[in-house]
Amino acid sequence: MTEAAIGRPAGDDRGGRTAFQGAPGAFSHEACVELRPWDEHVPFETFEDAIAAVKSGACDCALIPVENSTIGDVEPAATLVRASGLAVVGEAWRPIRMALMALDGVELDELRTVASHPIALAQCSGKLAALNLTMVEAFDTAGAARDVSEAGDRTRAALAPVAAAEVYGLSILRLDLQDSADNRTRFVLLAREAG
C-alpha cells in the first residue's frame, strides 16, 4: 500500500473521526492532519483506547505507528494492531524529526531531565547521552511537552515534534535529535472493514 491509500476515496466527501494515540501535537496527530485532513482527529492516551474506539464505532478509523526505521517494531502498538481484528486499509511511511524543547528562556546547561515516549527516547539515545540528560518515560511525545509547559520547571525538557512546542508554548533548544538522519515511522490506518 502507498500513502495515497490513506486518502479519501474518490467521490467521498464525508468527514469522519480518526483516532490516534497521544496528545495534540504528537507525531500521530501530525500524521492524521497530513494524511486525513478532512477528518476530526480524536486523541486517546493509549493505543488500546484508540483501537477500542474503532471497534466500538466511536471512531471510523485509527492511525497507529507500527514500525520505525531506527528501532524496528513500535511496541505495544504493532502487537495490538495484529491482534485487533481490524482491517489495515492504508499505510504510509513518515519522516520523524525530534526536537528538544523547554520553557522559554531556558538554556541547555540548566536542563537535568528530558521526557518523552520510550520509543522516541530510543530513537535519540545516542545524542541524548551526549547531552548528559536523565531520560524520563512519558505516555506520549506531545504529552511530555504539555507536562513540561504546565510544570514550569526550568530543569525539565521534552523530546517531541516541533508542532508540540507551538501547541504548548515551549522554545526549541535543538532540532534533529534523532540518531538516524533517515528516521521514519510506518503508520497503518485501521478500520472495521476494508473499503
Side-chain angles (χ1 to χ4, degrees), residues 1-9 12-96 98 115-123 136-150 158-161 163-164 167-168 183-195:
M1 285 179 242
T2 66
E3 189 167 313
I6 298 240
R8 186 188 304 224
D12 184 353
D13 61 357
R14 299 168 297 154
R17 290 170 53 89
T18 300
F20 69 93
Q21 183 275 331
F27 287 108
S28 292
H29 184 224
E30 284 186 342
C32 285
V33 170
E34 284 271 328
L35 300 171
R36 298 190 61 84
W38 54 85
D39 278 353
E40 176 186 355
H41 310 118
V42 185
F44 289 90
E45 187 164 332
T46 67
F47 295 116
E48 293 96 328
D49 292 344
I51 291 169
V54 177
K55 288 182 172 183
S56 73
C59 288
D60 302 295
C61 56
L63 194 61
I64 307 290
V66 294
E67 182 183 359
N68 177 267
S69 60
T70 301
I71 62 159
D73 284 349
V74 174
E75 292 296 354
T79 297
L80 291 167
V81 165
R82 286 191 295 272
S84 71
L86 297 172
V88 174
V89 296
E91 68 177 39
W93 281 94
R94 300 199 24 89
I96 301 294
M98 302 287 186
S116 195
H117 190 279
I119 299 294
L121 292 170
Q123 292 169 37
V136 178
E137 292 186 1
F139 89 97
D140 172 52
T141 55
R146 181 189 60 220
D147 292 349
V148 166
S149 179
E150 291 174 355
L159 184 67
V167 170
Y168 301 108
N183 192 37
R184 297 173 296 127
T185 293
R186 181 169 62 97
F187 290 85
V188 295
L189 186 68
L190 301 178
R192 284 183 299 282
E193 58 185 45

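Of all the heavy atoms in His29 and Gly25, the pair that sits closest is ND1-N, 3.0 Å. The minimum heavy-atom distance linking Ala164 with Ala145 is given by the pair CB-CB, 3.9 Å. Contact between Phe27 and Phe187 at its shortest, heavy atoms only, is O-CZ, 4.1 Å. Among all heavy-atom pairs drawn from Gln21 and Phe139, the shortest one is NE2-O, 2.9 Å. Leu121 and Ser116 make their closest contact through CD1-O, 3.7 Å (heavy atoms, listed as atom of the first residue, atom of the second, distance). The nearest pair of heavy atoms linking Ala77 to Ile64 is CB-CG2, 3.8 Å.
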Identify every side-chain donor-acceptor pair in residues 53-61 under 3.5 Å, counting partners at least two apart or on other chains, and give the distances.
{"from": "Lys55", "atom 1": "NZ", "to": "Ser84", "atom 2": "O", "distance (Å)": "3.1"}
{"from": "Ser56", "atom 1": "OG", "to": "Ala52", "atom 2": "O", "distance (Å)": "3.3"}
{"from": "Ser56", "atom 1": "OG", "to": "Ala53", "atom 2": "O", "distance (Å)": "3.2"}
{"from": "Ser56", "atom 1": "OG", "to": "Ala58", "atom 2": "N", "distance (Å)": "3.2"}
{"from": "Asp60", "atom 1": "OD2", "to": "Arg17", "atom 2": "N", "distance (Å)": "2.6"}

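Residues Arg94 and Leu35 meet the side-chain proximity criterion, which asks for heavy atoms closer than 4.5 Å. Considering only heavy atoms from C-beta on, Leu190 stays 4.5 Å or farther from Val89 through its side chain. Residues Leu189 and Leu63 meet the side-chain proximity criterion, which asks for heavy atoms closer than 4.5 Å. Counting heavy atoms from C-beta outward, Phe20 and Pro65 have side chains that stay 4.5 Å or more apart.
Between the side chain of Thr70 and the main chain of Gln123, no donor-acceptor pair closer than 3.5 Å is present. Thr18 contributes no side-chain N or O that, together with a main-chain N or O of Asp39, makes up a donor-acceptor pair within less than 3.5 Å. In this structure, the side chain of His41 does not engage the main chain of Pro24 through any donor-acceptor pair within 3.5 Å.
Ser28 OG to Asp140 CG: the interatomic distance, rounded to the nearest 0.5 Å, is 7.5 Å. Going from atom CD1 of Ile51 over to atom CG of Leu86 covers 7.0 Å, rounded to the nearest 0.5 Å. Interatomic distance, NE2 of His117 versus CG of Leu159, reported as 12.0 Å (0.5 Å rounding). From Arg186, atom CZ reaches atom CG of Asp73 across 8.0 Å, with rounding to the nearest 0.5 Å.
Among residues two or more places apart in sequence or in another chain, the side-chain hydrogen bond (donor to acceptor under 3.5 Å, both in side chains) test is passed with Thr185 by Asn68. Taking the side-chain hydrogen bond (donor to acceptor under 3.5 Å, both in side chains) definition, one finds that Asp49 meets it with Thr46, sequence neighbours left out.
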Requested in this report: Could you walk me through whether Glu67 and Trp93 pass the side chain to side chain contact (heavy atoms under 4.5 Å, CB included) test, one step at a time?
Outcome: CA-CA 9 Å; Glu67 182 183 359; Trp93 281 94; 3.6 Å; yes
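If you check the side chains of Thr79 and Arg82, you find a donor sitting under 3.5 Å from an acceptor.
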